[in-house]
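Below is one structure, written out as structure tokens; comments come after it.
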Amino acid sequence: MQAGATTQETSNQTAVPPSSIHTGQRIGVPRETFPDEKRVATVPEVVEKLIKLGFSVAVESGAGDAANCSDDTYRAAGATVLDSAAALWSGSDIVFKVRPPSADEVALMREGQILIGFIWPAQNPDLMQQLAAKKVTVLAIDALPRMLSRAQKMDALTSQAGVAGYRAVIEAANAFGRFFNGQITAAGKVPPAKVFIAGAGVAGLAAIGTAAGLGAIVRANDTRAEVADQVVSLGGEFVKVDYEEEGSGGGGYAKVMSEGFQQAQRAMYAKQAREVDIIITTALIPGKPAPKLITAEMVQSMKPGSVIVDMAAEQGGNCELTEPGRVVVKHGVTIVGYTDLVSRLAKQSSTLYSTNLFRLSEELCKTKDGLVNVNMEDDAIRGLTVIKNGEVTWPPPAPKLAVAPAAAAKPVAAPAAKKAHGHGGGDSEPMAGSKLAIVFGVAAALFWLIGASAPPAFLSHFTVFVLACFVGYMVVWNVKPALHTPLMSVTNAISSIIAIGALVQVSPWSSAVDRPNDMISWVAAAAIVLTAINMFGGFAVTQRMLAMFRK
């Protein structure tokens with residue numbers, strides 16, 4: 001198969017270096033034919049990683065030009081560059097693509113090939129039938145079960161949506177006639193722009209962070225109440241709809257809301273349209289046209305010079321006046337309906353997408369021999385596989401749940417087991433109380449013995465020590481796990497107090513009577529060492545944590 005492909009290479013192509021000759025399958029990366037699509041399915045940096053997995057890689061000439069990836073960089077990474085799409089499709093065992101294949105590309109496919117890319121099986125039933133007729137295997141990256149935690153590294157929808165959200169704000173800033181951030185100059189005061197973002201999914205959150213970073217006043221809304229904290233954490237204000245209904249539809253998407261909720265939502269949108277300068281809409285429902293959120297009346301009520309960026313334009317748009325693929329001005333409002341927002345950052349989006357496909361390749365080729373195994377027992381792979389050797393396998397069954405039901409049954413069975421032991425079922429609480437009384441009694445006796453034989457000053461110090469241990473336990477153990485790292489900064493202050501006390505104990509005194517004995521000196525010295533480790537370690541961890549938030 002590879003030999004057949006190499007005979008179709010023209011004389012102006014460079015020879016494949018011996019280090020890149022593999023016995024594994026060949027991955028082909030064709031040039032995208034969809035209008036205005038600048039992305040490429042694999043960048044040179046990822047080509048090197050695929051070769052280490054045992055694959056060979058072929059790239060159609062010019063496939064990465066629009067993403068600043070020249071043919072020479074692919075050759076340097078170890079890939080073979082082919083001059084024609086026909087040579088690439090016929091000589092590849094696996095094909096990586098961004099957009100769904102066109103009818104001409106499907107015609108170039110042969111039985112047994114594996115196609116990986118965006119397919120959208122619900123929206124493209126005719127394409128699914130064409131691919132099934134070719135008896136190929138198709139893995140739709142958009143069908144990845146996103147609720148699986150280990151699937152996050154392969155989640156191309158998330159990586160591409162983040163790029164789109166960032167670019168939407170950049171397009172809004174380009175069309176807007178003022179600064180995003182407020183300024184006070186000698187020429188006058190410039191108020192900050194007000195931005196409203198409809199939908200706080202991955203794209204919406206990326207837009208919130210970008211707009212807030214530019215200095216705008218950001219507001220956002222989403223039907224899923226759980227994203228409110230995420231909006232606030234990114235510097236936005238969450239605007240609630242005056243109607244109680246949960247909007248999570250599973251898989252990271254929102255569901256279709258009731259008519260009562262939609263009426264309350266429209267009233268909220270109408271109010272925001274009158275107040276803000278920029279609206280960015282991101283609402284999409286899988287397999288359905290984009291919901292209409294911004295009506296013509298809302299657009300008419302907006303201030304002249306305002307901007308709407310409709311990120312759902314490719315699916316019909318969230319605004320009634322959106323024209324997909326175009327920028328139009330209606331009622332003095334600029335409406336951006338670009339359908340290629342991700343492609344406008346081709347290098348970045350291609351790098352992220354090719355990394356997603358590489359992570360998927362690792363799951364398909366765990367033996368690192370360049371041979372793909374489409375394991376239908378793997379929940380992630382099963383969800384991705386929409387066609388297997390010509391048989392349509394979409395939609396997949398629901399992913400298998402972890403052993404949560406069995407774990408939930410244990411607390412129910414435990415009380416029943418206790419009651420079965422004769423008449424011991426009602427004696428557990430008195431036994432626990434008696435044990436607690438014995439523990440407190442022993443502790444009180446030890447406390448009395450220590451107080452009776454110790455110096456008078458010791459009792460007061462010991463009481464403070466016990467209370468400090470109790471308070472420290474209650475403070476630290478009641479802190480949420482997410483705050484344990486910031487808590488280390490607070491413990492540094494406590495450690496400094498310990499260090500001061502230890503230094504006092506080991507320091508020389510003016511009289512031999514007041515000089516501490518050897519045991520106290522050694523304990524104090526050990527306290528200094530341990531406290532110093534804690535203090536320096538705490539500051540080091542804190543600095544690393546703060547570095548994560550620095551630009």
Side-chain angles (χ1 to χ4, degrees), residues 164-165 168-169 171-178 180 191-201 203-204 207-208 211 216-225 227-228 231 236-245 247 249 253-285 288-339 341:
V169 177
E171 295 294 342
N174 180 57
F176 190 51
R178 297 205 319 265
F180 261 49
K194 295 180 180 178
V195 180
F196 177 72
I197 297 171
I208 292 169
I217 297 174
V218 184
R219 303 170 185 171
N221 168 261
D222 197 279
T223 57
R224 296 160 294 186
V227 305
V231 172
E237 174 192 351
F238 188 77
V239 182
K240 291 187 64 175
V241 177
D242 191 15
Y243 194 97
E244 294 298 329
E245 182 177 351
Y253 294 99
K255 69 177 184 181
V256 179
M257 307 300 287
S258 66
E259 182 57 34
F261 182 92
Q262 292 181 34
Q263 288 181 0
Q265 187 182 53
R266 282 192 290 270
M268 183 269 291
Y269 283 154
K271 178 183 177 183
Q272 294 299 321
R274 293 190 297 268
E275 296 179 359
V276 301
D277 304 300
I278 297 169
I279 295 179
I280 298 175
T281 63
T282 70
L284 282 173
I285 299 174
K288 297 180 181 294
K292 299 300 180 184
L293 305 178
I294 308 299
T295 64
E297 291 78 12
M298 295 180 193
V299 175
Q300 194 170 3
S301 69
M302 296 181 72
K303 293 174 284 189
S306 298
V307 178
I308 296 175
V309 179
D310 195 338
M311 295 182 63
E314 192 168 357
Q315 302 299 326
N318 296 136
C319 177
E320 289 182 347
L321 302 181
T322 296
E323 296 184 18
R326 299 184 58 197
V327 177
V328 296
V329 179
K330 302 288 183 69
H331 307 295
V333 177
T334 301
I335 303 174
V336 181
Y338 291 142
T339 58
L341 286 172

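Computation of the quantities below employed the complete heavy-atom set of this structure, encompassing side-chain atoms and omitting hydrogens, waters and symmetry-equivalent molecules.
- Looking at every heavy atom in both residues, Gly201 comes nearest to Asp222 through N-OD2, 3.9 Å.
- Residues Ala198 and Tyr269 share a closest heavy-atom pair of CB-OH, 3.7 Å.
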### Task
Decide side chain to side chain contact (heavy atoms under 4.5 Å, CB included) for Phe180 and Ile278; before the verdict, give the C-alpha distance in whole Å, the side-chain angles of both, and the deciding distance to 0.1 Å.
CA-CA 10 Å; Phe180 261 49; Ile278 297 169; 3.4 Å; yes
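- Rounding to the nearest 0.5 Å gives a distance of 12.0 Å between NE2 of His331 and CE of Met302.
- Thr282 approaches Ala200 most closely through the heavy-atom pair OG1-N, 4.5 Å.
- A donor-acceptor pair under 3.5 Å is formed between the side chain of Glu320 and the backbone N or O of Ala296.
- Across all their heavy atoms, Ala290 and Ala312 have their closest contact at CB-CB, 3.7 Å.
- Residues Val276 and Ser306 share a closest heavy-atom pair of O-OG, 4.0 Å.
- Between the CE atom in Met268 and the NZ atom in Lys240 there is a gap of 11.5 Å [rounded to 0.5 Å].
- One distance of note links CG of Leu321 with CD1 of Ile308; it measures 7.5 Å at 0.5 Å rounding.
- A salt bridge links Glu323 with Lys330; the closest basic N to acidic carboxylate O contact falls under 4.0 Å.
- Rounded to the nearest 0.5 angstrom, Gln262 CD and Lys292 NZ are separated by 13.5 Å.
- Distance alone, capped at 3.5 Å, places no donor-acceptor pair between the Asn318 side chain and the Asp310 backbone.
- Side-chain N or O atoms of Asp277 include one that pairs as donor or acceptor with a backbone N or O of Lys194 at under 3.5 Å.
- At least one side-chain heavy atom of Leu293 sits under 4.5 Å from a side-chain heavy atom of Gln265.
- In this structure, CD1 in Ile197 is found 12.0 Å from CZ in Arg219, a value given to the nearest 0.5 Å.
- Taking every heavy atom of both residues into account, Leu341 and Glu171 meet most closely at CD2-CG, 3.8 Å.
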### Message
Before you tell me yes or no, could you show the steps for Gln272 and Ile279 under side chain to side chain contact (heavy atoms under 4.5 Å, CB included), namely the whole-Å CA-CA distance, both residues' side-chain angles and the distance that decides it to 0.1 Å?
### Response
CA-CA 9 Å; Gln272 294 299 321; Ile279 295 179; 5.8 Å; no
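- For the atom pair CD1 (Ile208) and CZ (Phe196), the distance works out to 9.5 Å, reported to the nearest 0.5 Å.
- With a 4.5 Å cut-off on side-chain heavy atoms, Thr334 and Phe176 do not count as touching.
- Distance alone, capped at 3.5 Å, places no donor-acceptor pair between the Thr322 side chain and the Ala313 backbone.
- Other residues, nucleotides and ligands contribute more than 12 heavy atoms inside 6.0 Å of the CZ atom of Arg178.
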